[in-house]
Amino acid sequence: MKETKKITGLSPDDSSSTSTSTAFTTTMTTFHSSATGSHDFLEKKYVKHQFGKYEITVELTSDDKFLGITQVEVNKDFRTLSQKISRTIVHDVEEYYKDE
Amino acid sequence: MNDFEYYVITPDPVFRFGDVLKGFVALSPNIDEPLTPEKNDYSIQVSMPQYLAIVSPCCSIRDRVISLAPLIKVQNKFFNNPYFAEDLTRINRLVSPENSLPPEAWQSMPPETKVEKLSREKAYTFLEIFIYKEHEIFSEYTIHRKKAENITTRYYMIDFRHSYRVNCAKITKPENVPIDAKCLQLTIDARTELRGKIAHFYGRVPEEDFME
């Protein structure tokens with residue numbers, strides 16, 4: 001398991017007592033491991049669902065148990081269903097070809 | 001040009017989708033209008049094409065039934081487009097809007113129509129047609145052209161609209177067939193092209209069938 005902590009302090013050049021120090025923020029990541037040999041191997045999958053104008057990414061187990069929602073974003077594909085289906089699969093060219 | 005082989009060198013001892021066969025009759029019933037008790041005239045045209053192509057999916061070649069389409073001569077209008085004349089099998093693939101037309105048709109097109117066509121993706125032309133590449137077993141014939149030189153060719157084609165069923169007692173499953181009737185087998189690439197085009201032929205959805 002991974003744990004992330006934020007540490008706020010002084011910049012490295014604050015060795016001079018009269019210099020202006022700048023607060024900084026850094027992120028320290030520590031890893032906590034469980035007892036030796038124990039790891040979380042839960043298989044997950046991510047499925048996108050359309051919900052109105054939003055696209056929701058849902059986290060599921062491999063046997064489709066709901067774990068949670070990981071992302072919600074606006075669906076940028078503005079095409080209607082008929083527009084998605086009616087992509088051109090044939091050039092209408094018969095009128096340009098005449099048997100001689 | 002897609003430069004892959006069209007026919008395998010050593011065909012498998014089974015019938016496959018796209019295989020070229022010989023020895024099967026072709027049947028075409030003809031009517032002027034749907035029959036009624038009062039008007040029930042019809043005729044049946046029976047022919048013996050030299051070669052036919054299997055249009056049954058492989059797994060469906062069984063139970064004494066097979067679907068075939070006769071190999072027929074290509075149409076002279078295909079040669080109006082140099083892009084196709086160079087290799088008629090390009091008709092089997094997706095082509096750009098510009099390559100789909102004879103050059104003079106493209107050049108005389110209004111600019112706004114050109115722009116609209118150029119915005120489209122690659123697509124099929126002559127969706128009902130699949131070209132069989134030249135092979136030595138195919139008889140040579142001459143394409144007569146009024147405004148250009150005649151062309152001698154061994155290209156043949158099938159028209160998906162000409163597909164029909166044959167009952168054959170010796171066809172029980174794909175590997176239990178009259179294998180001597182098999183003449184040519186498409187390579188995987190060529191068979192994939194045939195499968196793709198025939199799937200699109202049957203898979204078109206008319207506007208009125210869209211569900212919102």
Side-chain angles (χ1 to χ4, degrees), chain A residues 1-2 4 27 29 31 37-100, chain B residues 73-81 83-85 91 93-109 113 116-129 143-151 196-197 199-212:
Chain A
M1 184 169 67
K2 185 172 78 175
T4 303
T27 301
T29 302
F31 288 89
S38 172
H39 296 278
D40 181 8
F41 282 124
L42 179 65
E43 283 191 14
K44 302 173 191 172
K45 59 183 180 182
Y46 299 90
V47 179
K48 288 194 175 180
H49 285 288
Q50 305 303 324
F51 188 79
K53 65 175 183 176
Y54 300 102
E55 191 172 79
I56 300 174
T57 304
V58 178
E59 189 180 47
L60 305 170
T61 62
S62 57
D63 56 351
D64 294 329
K65 288 198 176 79
F66 177 78
L67 292 174
I69 293 173
T70 59
Q71 184 171 274
V72 178
E73 59 183 347
V74 174
N75 184 358
K76 296 186 178 67
D77 188 349
F78 50 81
R79 292 176 296 168
T80 62
L81 179 63
S82 62
Q83 286 169 327
K84 287 182 197 174
I85 291 174
S86 68
R87 67 178 188 86
T88 305
I89 59 167
V90 60
H91 294 301
D92 193 9
V93 299
E94 290 290 344
E95 65 179 284
Y96 301 103
Y97 285 87
K98 302 290 177 201
D99 274 326
E100 292 181 349
Chain B
K73 294 176 182 175
V74 298
Q75 298 171 32
N76 67 16
K77 63 186 181 184
F78 297 156
F79 294 93
N80 296 347
N81 184 344
Y83 180 75
F84 289 151
I91 291 173
R93 298 169 206 129
L94 302 172
V95 298
S96 66
E98 193 170 352
N99 284 332
S100 70
L101 293 171
E104 53 274 11
W106 182 258
Q107 281 149 19
S108 62
M109 194 171 288
T113 309
E116 189 273 329
K117 285 193 181 294
L118 283 171
S119 69
R120 296 186 186 178
E121 300 170 346
K122 285 188 175 182
Y124 287 111
T125 52
F126 307 109
L127 190 57
E128 67 278 2
I129 301 295
I143 299 281
H144 295 282
R145 308 176 73 199
K146 289 179 190 168
K147 297 177 186 172
E149 277 187 26
N150 291 345
I151 294 171
K197 197 165 190 190
H200 277 90
F201 173 74
Y202 284 113
R204 285 168 289 178
V205 180
E207 285 282 344
E208 59 269 25
D209 285 4
F210 288 150
M211 291 173 60
E212 294 282 358

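Computation of the quantities below employed the complete heavy-atom set of this structure, encompassing side-chain atoms and omitting hydrogens, waters and symmetry-equivalent molecules. Chain identifiers are assigned alphabetically (A, B, ...) following the order of the sequence lines, protein sequences preceding nucleic acid strands; residue numbering begins at 1 within each chain.
With a 4.5 Å cut-off on non-hydrogen atoms, B/F84 touches chain A through its side chain but not through its backbone. Using a 4.5 Å cut-off between heavy atoms, B/S96 touches chain A through its backbone atoms (N, CA, C, O) alone. Contacts between A/E94 and chain B at a heavy-atom distance below 4.5 Å involve the side chain alone, from C-beta outward.
Other residues, nucleotides and ligands contribute at most 12 non-hydrogen atoms within 6.0 Å of the CG atom of A/D92. By the 6.0 Å contact criterion, NZ on B/K73 is open, its count of non-hydrogen atoms from other residues, nucleotides or ligands being 12 or less. In A/Y54, the OH atom is not crowded: 12 or fewer heavy atoms of neighbouring residues, nucleotides or ligands sit closer than 6.0 Å. In the displayed structure, A/F66 atom CZ is contacted under 6.0 Å by more than 12 heavy atoms of other residues, nucleotides or ligands.
Between atom NE2 of residue A/H91 and atom CG of residue B/L127 there is a gap of 11.0 Å, rounded to the nearest 0.5 Å.
Under 3.5 Å, the side chains of A/Y97 and B/N81 contain a donor-acceptor pair of N or O atoms.
Of the residues listed (B/S100, B/P97, B/P102), the one engaging A/V93 in a side-chain contact (heavy atoms from CB on, under 4.5 Å) is B/S100, and it is the only one.
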Evaluate B/H200 against A/V90 for side-chain contact (heavy atoms from CB on, under 4.5 Å), listing each step before the verdict.
CA-CA 9 Å; B/H200 277 90; A/V90 60; over 6 Å; no

